[in-house]
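Presented below is the structure to which this report refers.
Computed from a predicted structure; not experimentally measured. We name chains A, B, ... by the order of the sequence lines, and we start the count at 1 in each one.
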Amino acid sequence: MSGENLKNVIEALLFSSSKPLGIPEIVKVLSVDKNGSRSEIKKAIENLNSEYNESGKSFFIENIAGGYRMITKPEYAEYIKILYQVQPSRLSKPSLETLAIVAYRQPIIKADIEAIRGVNVDGIVKTLLEKDFIKISGRKDVPGRPFLLATTNKFLEYFGLKDLNELPKISELRQFSIVK
Amino acid sequence: MSGENLKNVIEALLFSSSKPLGIPEIVKVLSVDKNGSRSEIKKAIENLNSEYNESGKSFFIENIAGGYRMITKPEYAEYIKILYQVQPSRLSKPSLETLAIVAYRQPIIKADIEAIRGVNVDGIVKTLLEKDFIKISGRKDVPGRPFLLATTNKFLEYFGLKDLNELPKISELRQFSIVK
Amino acid sequence: MTEDYNVHLEEFEGPLDLLLYLIKKDEVDIYDIPIEKITSQYLEYLELMKMLDLNVAGEFLVMASTLMYIKSMLLLPPEERPPEEDIDETDPRADLVRQLLEYKKFKELAEQLQKKERQREDIFTRVASVELKDEGSGDISDVGIFDLISAFSEVLNVAGEEDLREIFEDRFTVTDKLSHITEILKNKKSVKFLDLFDPGSHKGEIVVTFLALLELIRLKTIKAIQKKSFDNISIELVESI
């Protein structure tokens, strides 16, 4: 394998790996085809790093935990953090289940959701409130006057519903076995 | 933000994301600091790709499912596969057929898929919904108000399509005179 | 015996697939289907499937009666056939042909999608994709259920002419055969489909072996491959991690 090719393969391996890669792992991959000695591999990684540096790339290869990993330069961290905030995250299954319970049983108090789901839902209810999928719609007239929860307009929008009457009937969901 | 800086931030964002990033997301991230117009962002991505190409990088930026994402070039697949000895999970023929029908006829109700395939598709539709390849996109305005099904972004991503216009054209297939 | 391993054909293919399969196998013109011949072949496959307790979906029976209806219509002189609406031909096969062509179109589109699916397996995003694979050289296609049934009927022909609907003894169970086949494949990389059946073995055993094969294919433990259509089928273990 030519030096150029070796370098490219190592770059592809590091690029696609989420964990740091040790030299032995890289040696093993290369051995299938032709081979690269430990020192050749180290040299190739050094070359890649100088290339990234010279052409002002936003990432570099770091030597960490006995292996090598491609990471972004620290100065771009602020943007990446913003990205994670603005990226639409999908609702988790427990969130969806909780949301479904609120949607079909609203207005409902937290204790009743927990009675159905069998687990504490503090964290999930908090997230759903933050994400504006549910809102506090009042208090229930029982001792302690707990908050009643209901779905929001954002909820309707998110699921493409005109109004709550458009919620799928339980029997329709069962047709696709979405609910058991 | 200077052109150079804009390009670097975009590179860092794409580098740190495994999902395709839409232009609106990138605009949002940049707006915190200074800003980049849609066309500036597109131009920067083009420049990055030419740079990668000229310097013989093992990866490039693809335009997929309405966004942009960095991926490895196919020629390095053989090496990466050695690194991750994982089984592919491929779709079955009936699943692919059902997806093809949904993709070309969307939005479509289950009964119409069944009319074409000549078999019940409950199980397959359920699996495709679970795998997030299709979604319920609304209801058809006919008695019973059945669910309409459509493909998702995950569908585009999985098959490497920029958008639905990239689906293989029916005319590219062998010609049949289906319509008299 | 087969109760636990009732194979749902829906997960494989349907009546239109069977018809297209027969049309391709006999190399007949889809616009001029020899209904008499195709109908009798269709019914033979249906019998085999029933015998295998393949949980033949109602759609297969509906198609059978459609075929028989078309057959009877073709026996009538054209002027005595009831007038058809919306179709400018009086050929009773017209609707079926149109349905087959429409379905065939989507089957081909599905193949295009499958090609794209395979291409994507060579591409990796920043966080390594889990959906990796390792597949031998191309040009080998997955085998359809009807290919398997065809191969199976060959085995049955070798086994002799007893009544196909005899009651099978419980000497062989699907579970036994499941582990038997897996064992064989652990030692050999690839086995010819026909070699999994001992010539002259009891018909009950053959059926059980076949059901075990279908179950293993459904579970993606094994795969059936064929170099080209109607060629010999071989069975391989799907490599796991």
About how many Å separate [atom2] of [Y] and [atom1] of [X], when rounded to the nearest 0.5 Å?
| X | Y | atom1 | atom2 | result |
| --- | --- | --- | --- | --- |
| C/Q112 | B/L96 | CD | CG | 11.5 Å |
| C/R126 | B/T72 | CZ | OG1 | 11.5 Å |
| B/K73 | C/I123 | NZ | CD1 | 12.0 Å |
| C/Q114 | B/L99 | CD | CG | 12.0 Å |

Measuring heavy-atom distances to chain C, does B/A115 have an atom under 4.5 Å in its side chain, in its backbone, in both, or in neither?
-> backbone
Using non-hydrogen atoms only, which part of B/F15 is less than 4.5 Å away from chain C: side chain, backbone, both, or neither?
-> both
Go through the structure and list residues passing side chain to side chain contact (heavy atoms under 4.5 Å, CB included) with C/E111, not counting sequence neighbours.
-> none
Sorted by chain and number, sequence neighbours left out, side chain to side chain contact (heavy atoms under 4.5 Å, CB included) with B/L164 holds for B/Q106, B/T151, B/F155, B/L156, B/L167
Does the side chain of [X] reach to within under 4.5 Å of the side chain of [Y], using non-hydrogen atoms?
| X | Y | answer |
| --- | --- | --- |
| C/K116 | B/P168 | yes |
| B/E157 | C/T125 | no |
| B/R117 | C/F106 | no |

Neighbour count above 12 (heavy atom, 6.0 Å) for B/K43 NZ | no
In terms of heavy-atom contacts, does CD of B/E75 have more than 12 from other residues, nucleotides or ligands at under 6.0 Å?
->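 Check passes, neighbour count above 12.
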Tell me, please, whether B/Y158 has C/R120 positioned over its six-membered ring: NZ or CZ under 6.0 Å from the ring centre and within 45 degrees of its axis?
->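 So C/R120 doesn't make the cation-pi contact.
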Ignoring hydrogens, what is the shortest heavy-atom contact between [X] and [Y]? Give both atom names and the distance.
| X | Y | answer |
| --- | --- | --- |
| C/L109 | B/A100 | CB-CB, 4.1 Å |
| C/F124 | B/I80 | CD1-CD1, 3.5 Å |
| B/V119 | C/G14 | CG1-CA, 3.4 Å |

May I ask you to name which of C/E59, C/Q119, C/E117 has the most heavy-atom pairs under 4.5 Å with chain B?
->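 Ranked by contacts with chain B, first place is C/E117.
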Taking NZ, NE, NH1 and NH2 as the nitrogens, is one of them in B/R90 or C/E121 under 4.0 Å from a carboxylate oxygen of the other?
-> yes
